[in-house]
Amino acid sequence: MDNLPVIVLDFETTGLSPQYGDRAIEIGAVLIENDGIADRFQSLMNPGFRISSFIEAYTGISNDMVETAPPCAEVMQQFAEFMGHYPLVAHNASFDRKFLDLELGLIGKSRNSDMACSMLAARRIYPDAPNHKLGTLVRYCGIHTDGTFHRALADAEMTGHLWLAMINEIKAGYGVTRVPFDLMQKIAGIARVQAPVFLAKVAAGQF
DNA sequence: TGCCAGGCCCTCTTTAGGGCCTT
């Protein structure tokens, strides 16, 4: 096995801020194992109030769809089992972490794994990309899509493939055979000016 | 109902401000 398993997840939500009462309306996640997607999790969830027309248009998730979906608590119970103790990855992880911690907290659970950010890693690994939005990076890396964006499972799958592409980029560019989760976390957290020195150490086998 | 934030990074920085990215 080249890479330790990770869970890549994505939330669709009613807005940007749990502090202002926003809730999750869909979760999608993939288990990345052996350089591919080994398992998937997806569910809409009912936040208990109507979602805005902006979110309906942005995600394609309608009020009718969430009204017939199971409540957040039920979905998050199932997701907690899927998540297990795997390390986690999300694109702009600070956003998904807020909602994950909120929804888990509401059912008396807590996150028990680190979460790495594919966006911060991509800024170091693909500094010349036009920008580091998920959709841009997917095109930049030539990752196949079915054209679906802003739905949780589609975005989680694309982020998963991006994560694998970045691991392969490190392997090919720096001659290393294993790119563990904590190496990717360090790449994501390194300051831009320090990145060349750090990556040279990676190439020299000093990680 | 309609509108909102926050974490991180960068630099013309650190006694700060602004951009990116997520829904």
Side-chain angles (χ1 to χ4, degrees), chain A residues 7-30 42-67 69 72 75-76 79 88-106 111 113-141 143 145 148-163 165-166 184-199:
Chain A
I7 295 276
V8 183
L9 67 93
D10 184 72
F11 279 106
E12 304 306 315
T13 70
T14 63
L16 292 171
S17 178
Q19 304 277 7
Y20 280 71
D22 286 319
R23 297 289 302 273
I25 55 174
E26 187 182 38
I27 185 167
V30 292
Q42 182 275 333
S43 183
L44 290 165
M45 53 185 116
N46 187 343
F49 54 90
R50 291 187 64 79
I51 60 181
S52 70
S53 56
F54 172 82
I55 293 296
E56 283 188 313
Y58 186 80
T59 64
I61 298 170
S62 68
N63 276 289
D64 287 346
M65 291 164 70
V66 295
E67 281 171 10
C72 294
V75 174
M76 292 308 297
F79 179 71
L88 303 170
V89 173
H91 201 69
N92 197 15
S94 65
F95 176 85
D96 292 278
R97 187 189 299 120
K98 285 187 299 187
F99 284 93
L100 178 61
D101 290 347
L102 167 79
E103 298 293 351
L104 288 174
L106 289 172
R111 176 168 52 89
S113 312
D114 283 344
M115 185 181 290
C117 180
S118 57
M119 181 192 74
L120 295 178
R123 284 179 177 171
R124 298 292 166 265
I125 295 168
Y126 302 121
D128 297 327
N131 60 56
H132 298 88
K133 296 177 183 178
L134 179 59
T136 301
L137 289 166
V138 163
R139 285 188 293 274
Y140 186 77
C141 294
I143 293 168
T145 78
T148 304
F149 291 89
H150 305 307
R151 286 298 300 267
L153 183 58
D155 284 5
E157 288 185 354
M158 288 187 288
T159 303
H161 287 300
L162 172 63
W163 191 250
M166 291 193 291
M184 291 293 281
Q185 266 197 315
K186 288 196 174 185
I187 291 171
I190 200 84
R192 187 167 67 181
V193 293
Q194 296 171 328
V197 172
F198 180 81
L199 291 170

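Owing to the predicted nature of the structure, the values given are computational and were not obtained by experimental measurement. The chains referred to below are lettered A, B, ... by the order of the sequence lines, with proteins before strands, and numbering in each begins at 1.
Spacing between atom CZ of A:Phe54 and atom C1' of B:dC4 amounts to 12 Å, rounded to whole angstrom units. Here the P atom of nucleotide B:dC9 and the NZ atom of A:Lys133 are 20 Å apart, to the nearest Å. Residue A:Phe49 contributes atom CZ, which lies 12 Å from atom C1' of B:dT23 at whole-angstrom precision. The interatomic distance linking A:Asn92 (CG) with B:dT23 (P) rounds to 8 Å, in whole Å. With rounding to whole Å, A:Tyr140 atom OH is found 18 Å from B:dC21 atom C1'. Going from atom CG of A:Leu100 over to atom C1' of B:dG6 covers 17 Å, rounded to whole Å. In this structure, A:Asn131 places its CG atom 21 Å from P of B:dC8, rounding to the nearest Å. Protein atom CD1 of A:Ile187 is 17 Å distant from nucleotide atom C1' of B:dC8, rounded to whole Å.
The side chain of A:Lys98 sits closest to B:dA5 out of B:dT23, B:dA5, B:dT22. Comparing B:dC21, B:dG6, B:dT23 by their nearest atom to the side chain of A:Ile55 picks out B:dT23. Taking the side chain of A:His132 as heavy atoms from C-beta on, and the options B:dC21, B:dC10, B:dA5, the nearest nucleotide is B:dC21. Side-chain proximity of A:Arg123 to the nucleotides B:dT23, B:dC20, B:dG6 is greatest for B:dC20. Comparing B:dC21, B:dT23, B:dA5 by their nearest atom to the side chain of A:Ser17 picks out B:dA5. For A:Leu120, counting side-chain heavy atoms from C-beta on, the closest listed nucleotide (B:dC9, B:dA5, B:dG7) is B:dC9.
Heavy atoms of A:Ile25 sit nowhere under 4.0 angstrom from any nucleic acid atom. Residue A:Gly189 is classed as a sugar-phosphate contact, given heavy-atom separations below 4.0 Å to backbone atoms only. Within the 4.0 angstrom heavy-atom criterion, no nucleotide atom of any strand lies near A:Arg151. If you check every strand for non-hydrogen atoms under 4.0 Å, A:Phe99 touches nothing. Base engagement by A:Asp22 is indicated by at least one non-hydrogen atom pair under 4.0 Å involving a base atom. Using a 4.0 Å heavy-atom distance criterion, A:Arg97 is classed as making no nucleic acid contact. In this structure, A:Thr59 reaches the sugar-phosphate backbone alone: every heavy-atom distance under 4.0 Å involves primed, P, OP1 or OP2 atoms, never a base. Counting any heavy atom pair closer than 4.0 Å across all strands shown, A:Ser52 reaches no nucleic acid atom.
Only the P atoms considered, B:dT1 is 24 Å distant from B:dT23, to the nearest whole Å. Taking atom C1' in both B:dC3 and B:dT11, the straight-line distance is 31 Å, to the nearest Å. Across B:dT14 and B:dC8, the matching C1' atoms stand 16 Å from one another, rounded to whole Å. Distance check on atom C1': B:dT22 versus B:dC4 gives 14 Å, rounded to whole Å. For the C1' atom pair drawn from B:dC12 and B:dG18, the interatomic distance equals 12 Å after rounding to whole Å. For the P atoms, the distance linking B:dT13 with B:dG19 amounts to 16 Å, nearest Å.
Each of A:Ala191 and A:His150 was assigned the nucleotide of DNA chain B with the nearest heavy atom; the assignment lying further toward the 5' end belongs to A:Ala191. Of the two residues near DNA chain B, A:Tyr58 and A:Ser53, the one whose nearest nucleotide lies more 5' is A:Ser53.
Judged by distance alone, with hydrogens and angles left aside, the side-chain atoms of A:Glu103 form a donor-acceptor pair with the main-chain N or O of A:Ala24 at under 3.5 Å. Formation of a donor-acceptor pair under 3.5 Å by the A:Glu26 side chain with backbone atoms of A:Phe11 is not found in this model. Within the 3.5 Å criterion, the main-chain N or O of A:His132 finds no donor-acceptor partner in the side chain of A:Thr136. At least one donor-acceptor pair under 3.5 Å links the side chain of A:Asp155 to the backbone N or O of A:His150.
Of the side-chain N and O atoms in A:Arg192, one or more sit less than 4.0 angstrom from OP1 or OP2 of B:dT11. Not one side-chain nitrogen or oxygen of A:His91 sits closer than 4.0 Å to the OP1 or OP2 atom of B:dC21. OP1 or OP2 of B:dC10 has at least one side-chain nitrogen or oxygen of A:Arg124 nearer than 4.0 Å.
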Determine whether A:Leu134 and A:Leu162 satisfy the following criterion, side-chain contact (heavy atoms from CB on, under 4.5 Å), listing intermediate values before the conclusion.
CA-CA 9 Å; A:Leu134 179 59; A:Leu162 172 63; 4.2 Å; yes
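A perpendicular orientation is assigned to the rings of A:Tyr140 and A:Tyr126, their planes being inclined by more than 60° (bins at 30° and 60°).
Shown here are the side-chain hydrogen bond (donor to acceptor under 3.5 Å, both in side chains) partners of A:Asp114, two or more places apart in sequence or in another chain: there are none.
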